[in-house]
Amino acid sequence: MQVSDECIHMYNAIQKGQHYRWVTFKLNDEGTEIVVDRYGDSDSTFSSFMGSVPAQDTRWCLFDLQFRTLSTTRSKLIFVTWVPDSITRGTLKEAARVKTNGVLWTGTMKKLMPGVVCMLQANDVSDVAWESMLARACRHEKDPIEIDWRPEQDIVV
């Protein structure tokens, strides 16, 4: 499974905190390469991220989760595999093939994105709710997390 250079560029920009907050990836029309689908600028909201994920198709997403502890504001990269329950059997088989060959911990994308600290499998909106992502990404934090704090203009869907 090939990963486009644009995917690597987007990852590097998000990791460095430049220009983007999230990006979604998809298979190209030929099914041979993972390419960038959509992305959100550094000031985009969690709601815009959620709006970019299609209800009937698989996507792989990289999200810069920003949160606050009692002492500082932090950020962690989360990789989300989005496979909605509503997809067809053929799409599900394709998603499994791509996940196995391209995005598992030992897959192509993981090797190209070493700063990802958390991988999340999501099948419906509740799996990628703000609280779910925060709990998963911050389970090893030593400082208490301020659960009620969200980045500017973010809302939970």
Side-chain angles (χ1 to χ4, degrees), residues 1-28 33-84 86-87 95 98-99 102-105 107-157:
M1 181 69 51
Q2 296 293 317
V3 177
S4 74
D5 290 340
E6 186 182 15
C7 294
I8 298 165
H9 167 74
M10 294 296 280
Y11 164 75
N12 289 330
I14 290 174
Q15 185 184 35
K16 294 175 185 173
Q18 301 171 339
H19 311 294
Y20 309 107
R21 178 124 184 250
W22 56 265
V23 61
T24 61
F25 307 102
K26 67 176 186 174
L27 277 179
N28 64 0
E33 184 177 40
I34 298 173
V35 297
V36 171
D37 180 35
R38 296 181 183 171
Y39 54 88
D41 295 333
S42 57
D43 61 345
S44 66
T45 64
F46 186 72
S47 297
S48 67
F49 166 68
M50 290 302 301
S52 74
V53 181
Q56 299 293 326
D57 204 359
T58 58
R59 289 294 184 271
W60 299 274
C61 314
L62 184 64
F63 186 79
D64 183 13
L65 180 72
Q66 298 171 354
F67 60 95
R68 192 162 58 194
T69 67
L70 294 178
S71 60
T72 187
T73 300
R74 303 220 22 220
S75 162
K76 290 190 178 184
L77 294 179
I78 297 181
F79 191 88
V80 179
T81 301
W82 172 254
V83 184
S86 58
I87 62 174
V98 171
K99 183 177 179 182
V103 299
L104 286 175
W105 282 108
T108 307
M109 288 189 79
K110 178 58 183 165
K111 289 176 185 173
L112 297 172
M113 301 179 181
V116 173
V117 296
C118 179
M119 290 186 79
L120 180 68
Q121 169 73 39
N123 299 96
D124 65 32
V125 175
S126 66
D127 293 335
V128 285
W130 178 262
E131 287 81 5
S132 299
M133 290 176 64
L134 187 65
R136 183 76 183 262
C138 302
R139 63 182 174 204
H140 300 295
E141 285 293 318
K142 293 180 181 173
D143 289 340
I145 307 300
E146 291 186 32
I147 301 290
D148 294 332
W149 180 84
R150 290 180 180 80
E152 296 178 47
Q153 303 173 358
D154 266 6
I155 58 171
V156 175
V157 262

(message) Could you measure the distance from the CD1 atom of Ile34 to the CD1 atom of Ile8? Nearest 0.5 Å is fine.
(response) 10.5 Å
(request) Mind checking the OG-CG spacing from Ser86 to Asn123? Nearest 0.5 Å is all I need. (result) 10.0 Å
(message) To the nearest 0.5 Å, what is the distance between CG on Leu120 and CE on Met133?
(response) 6.5 Å
(message) With heavy-atom distances below 4.5 Å as the criterion, would you say the side chains of Asp41 and Arg21 are in contact?
(response) no
(request) For residues Val128 and Met50, report the shortest heavy-atom separation together with the two atoms involved. (result) CG2-CE, 3.3 Å
(request) Only one of Val36, Val3, Val35 passes side-chain contact (heavy atoms from CB on, under 4.5 Å) with Phe25; say which it is. (result) Val36
(request) Just do the side-chain contact (heavy atoms from CB on, under 4.5 Å) check on Val116 and Ile78 with the steps written out, would you? (result) CA-CA 6 Å; Val116 173; Ile78 297 181; over 6 Å; no
(message) Which heavy atom of Pro84 sits nearest to which heavy atom of Pro54, and what is that distance?
(response) CG-O, 4.2 Å
(request) Go through the steps for Asp127 and Gln121 under the test side-chain contact (heavy atoms from CB on, under 4.5 Å), then give the verdict. (result) CA-CA 8 Å; Asp127 293 335; Gln121 169 73 39; over 6 Å; no
(request) Give a yes-or-no answer on whether the side chains of Thr24 and Trp60 include a donor-acceptor pair shorter than 3.5 Å. (result) no
(message) Within the supplied structure, the quantity of interest is the number of heavy atoms (other residues, nucleotides, ligands) at a distance under 6.0 Å from Tyr39 OH; does it exceed 12?
(response) no
(request) Check the pair Cys61 / Val53 against side-chain contact (heavy atoms from CB on, under 4.5 Å), numbers first and verdict last. (result) CA-CA 9 Å; Cys61 314; Val53 181; 4.3 Å; yes
(message) If I take atom CG from residue Leu77 and atom CE from residue Met119, how far apart are they, to the nearest 0.5 angstrom?
(response) 12.5 Å
(request) I would like to know whether Asp37 and Arg59 meet salt bridge (Lys or Arg N to Asp or Glu O under 4.0 Å); could you show each step before the answer? (result) CA-CA 8 Å; Asp37 180 35; Arg59 289 294 184 271; 2.7 Å; yes
(message) Please report the interatomic distance SG(Cys118) to NZ(Lys76), rounded to the nearest 0.5 Å.
(response) 8.5 Å
(request) Hey, can you tell me if Phe63 and Phe49 have their rings parallel, tilted or perpendicular (30° and 60° cut-offs)? (result) tilted
(request) Given side-chain contact (heavy atoms from CB on, under 4.5 Å), test Ser52 with Trp22 step by step and report yes or no. (result) CA-CA 10 Å; Ser52 74; Trp22 56 265; 3.3 Å; yes
(request) Identify, with sequence neighbours excluded, every residue that meets side-chain contact (heavy atoms from CB on, under 4.5 Å) alongside Ser42. (result) none
(message) When you measure from the side chain of Tyr20 to the backbone of Asp64, do you find a donor-acceptor pair of N or O atoms at a distance under 3.5 Å?
(response) no
(message) Distance check, rounded to the nearest 0.5 Å: Leu65 atom CG versus Arg74 atom CZ?
(response) 11.0 Å
